Protein chains: 2
Amino acid sequence: MSSDPPRTRIQRRNRRAILEAALAVFSQHGFRGATLDQIAAEAGLSKPNLLYYFPSKEAIHETLLAGLLETWLDPLRALDPAGDPIEEILGYVRRKLAMSRDFPRESRLFANEILQGAPRIGPTLDGELKSLVDEKAAVIAGWSAAGRIADVDPWHLIFSIWALTQHYADFDVQVRAVLGPDRGDPFDGAERHLVTLFTRLLTP
Amino acid sequence: MSSDPPRTRIQRRNRRAILEAALAVFSQHGFRGATLDQIAAEAGLSKPNLLYYFPSKEAIHETLLAGLLETWLDPLRALDPAGDPIEEILGYVRRKLAMSRDFPRESRLFANEILQGAPRIGPTLDGELKSLVDEKAAVIAGWSAAGRIADVDPWHLIFSIWALTQHYADFDVQVRAVLGPDRGDPFDGAERHLVTLFTRLLTP
DNA sequence: CCTGATCCTGACCGTCCGGTCAAACGTTTT
DNA sequence: AAAACGTTTGACCGGACGGTCAGGATCAGG
């Protein structure tokens with residue numbers, strides 16, 4: 001919406017620290033479960049100083065979510081209708097899994113928002129997200145009709161990719177508990193497994 | 001742990017009402033985001049009356065979680081080593097998906113707990129859950145080695161089933177936003193898709 | 001070195017939070 | 001009918017919550 005170029009380097013540094021701290025707290029406890037004192041402590045600032053940079057708890061949360069959806073949908077946007085179908089979809093899976101590995105807190109922040117009924121990004125889901133998915137689903141349906149991939153419901157295929165990749169970020173604790181300490185990095189196993197899964201699903 | 005047979009029918013009714021209300025509130029807002037006033041209002045009781053039946057907010061939450069894990073793991077326990085491999089796994093998928101459809105709040109309660117780092121059921125994950133999964137993973141690995149299903153990492157296969165089925169409960173709002181109102185019940189499409197997916201994945 | 005703008009803080013406010021308690025209300029038992 | 005028990009409530013407590021404010025510290029430019 002509004003361009004927000006922080007004037008000074010102090011502003012830049014502190015706003016970054018606040019958003020970083022807020023990401024940690026919001027992603028773990030949800031909006032209502034998070035407290036400004038906790039965010040302030042995590043950011044190394046006093047609570048009034050927090051509110052010097054952001055007008056309210058809501059504003060911090062909104063800033064976080066706004067920046068999130070863009071980067072979150074980028075991997076899907078990059079799905080190329082002109083590319084090789086299976087390689088394109090596998091590429092999307094890999095990019096999405098990499099995001100789960102590299103930005104698990106962002107994934108959990110998003111999960112929290114949806115779990116609570118998407119009170120703040122509901123409209124964006126109905127609008128921007130739906131239209132992007134519809135567009136890419138049409139591409140996949142085209143591949144399907146042309147016999148270049150096996151017959152598959154494009155919408156549920158996309159849901160499958162989301163579910164399978166985000167699971168490793170959102171349920172990280174459970175995954176590690178079940179695998180135990182001696183079975184290597186969960187994400188390595190996940191990548192091999194997901195490539196197998198989607199290859200077998202999509203190969204005609 | 002302790003057997004808790006409610007003495008009177010009033011106790012039975014009110015305890016049920018409280019747990020029902022608490023499930024609604026905890027599953028939407030997480031433990032810290034939920035308030036006793038909200039639960040009390042939802043249950044049609046006064047806050048002090050709530051605390052007549054349960055000693056604390058924690059106790060309500062614990063009661064909910066304790067009952068949850070049992071029913072949550074039942075579908076996996078029912079996986080029969082003596083049955084037909086693919087039908088057994090498809091049956092598990094169907095049972096788990098049915099739970100997402102019929103008990104979405106329970107699924108979200110569990111998701112919230114894991115998102116927060118499993119502070120209350122961490123030990124249970126390391127113990128009971130891990131050993132059950134290990135046991136069933138061995139069964140699946142046996143099927144795999146015998147050539148009765150295609151080669152697959154059993155642990156990540158189980159993760160896939162969890163991720164794919166629970167997604168439709170936990171991310172229900174997003175799924176419905178993307179599908180729109182005119183594409184029928186999400187769970188019907190999900191069942192067809194998941195049967196296809198796991199059949200293609202597992203058929204040797 | 002002065003001055004104006006930016007940055008930061010201690011003290012504070014009203015509200016809501018989880019939880020307590022004594023007393024009143026209902027119901028069952030004798 | 002009254003004693004005994006189970007149930008419900010209004011009033012209240014100390015602490016934590018989101019947020020405000022006046023003023024002090026710090027920094028930049030002249």
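This structure is a prediction, so every number in the text was calculated from the model and none was measured.
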Whole-Å gap separating P (C/dC7) and CZ (A/Phe54): 13 Å
A/Glu20 bridged to A/Arg105 by N-O distance under 4.0 Å: yes
Whole-Å distance separating the CZ atom of B/Arg13 from the P atom of D/dG6: 17 Å
Lys NZ or Arg CZ of A/Arg108 over A/Phe26 ring: under 6.0 Å, within 45°: no
DNA chain D-proximal residues of residues 56-66 of chain A, any heavy atom under 4.0 Å: A/Ser56, A/Lys57
Other residues, nucleotides, ligands: >12 heavy atoms within 6.0 Å of B/Phe187 CZ: yes
Residue-phosphate contact under 4.0 Å: B/Ser46 side-chain N/O, D/dT9 OP1/OP2: yes
side-chain N/O A/Tyr52 vs C/dC7 OP1/OP2, d < 4.0 Å: yes
C/dC8 phosphate, OP1 or OP2, under 4.0 Å from A/Asn14 side-chain N/O: yes
Rounded interatomic separation in angstrom, taking CD1 from A/Ile39 and P from D/dC17: 11 Å
Touch class at under 4.0 angstrom, heavy-atom based, for B/Tyr53 against every strand present: sugar-phosphate
Give me the distances for all protein-to-nucleotides 21-24 of chain D N/O pairs that come in under 3.5 Å?
none

Exceeds 12 heavy-atom contacts within 6.0 angstrom, atom CZ of A/Arg192: no
Closest-nucleotide ordering on DNA chain D, the 5'-leading residue of B/Lys47 and B/Ile10: B/Ile10
Neighbour count >12 (heavy atoms, 6.0 Å) for atom CZ, A/Phe103: no
Gap between atoms CG and C1', on B/Leu51 and D/dT7 respectively (whole Å): 14 Å
Spacing of OG belonging to A/Ser160 relative to CG belonging to A/Leu201, to within rounding of 0.5 Å: 7.5 Å
Closest non-hydrogen atom pair, B/Lys57 against B/Ala34: NZ-O, 2.7 Å
Crowding at CZ, A/Arg183 (>12 non-hydrogen neighbours, <6.0 Å): yes
Sub-4.0 Å heavy-atom contacts from residues 23-37 of chain B onto DNA chain C, ordered by number: B/Ala34, B/Thr35, B/Leu36, B/Asp37
B/Asn49 side-chain N/O to D/dT9 phosphate OP1/OP2 under 4.0 Å: yes
Pair B/Glu128-B/Arg77, salt bridge (Lys or Arg N to Asp or Glu O under 4.0 Å): steps then yes or no: CA-CA 12 Å; B/Glu128 198 180 348; B/Arg77 284 208 187 83; 3.2 Å; yes
Closest approach of A/Arg120 to A/His61 (non-hydrogen atoms, all atoms of both residues): CD-ND1, 3.2 Å
Side-chain N or O of A/Gln11 closer than 4.0 Å to phosphate OP1/OP2 of C/dC7: yes
Mutual orientation of the aromatic rings belonging to B/His156 and B/Phe159 [parallel < 30°, tilted 30-60°, perpendicular > 60°]: perpendicular
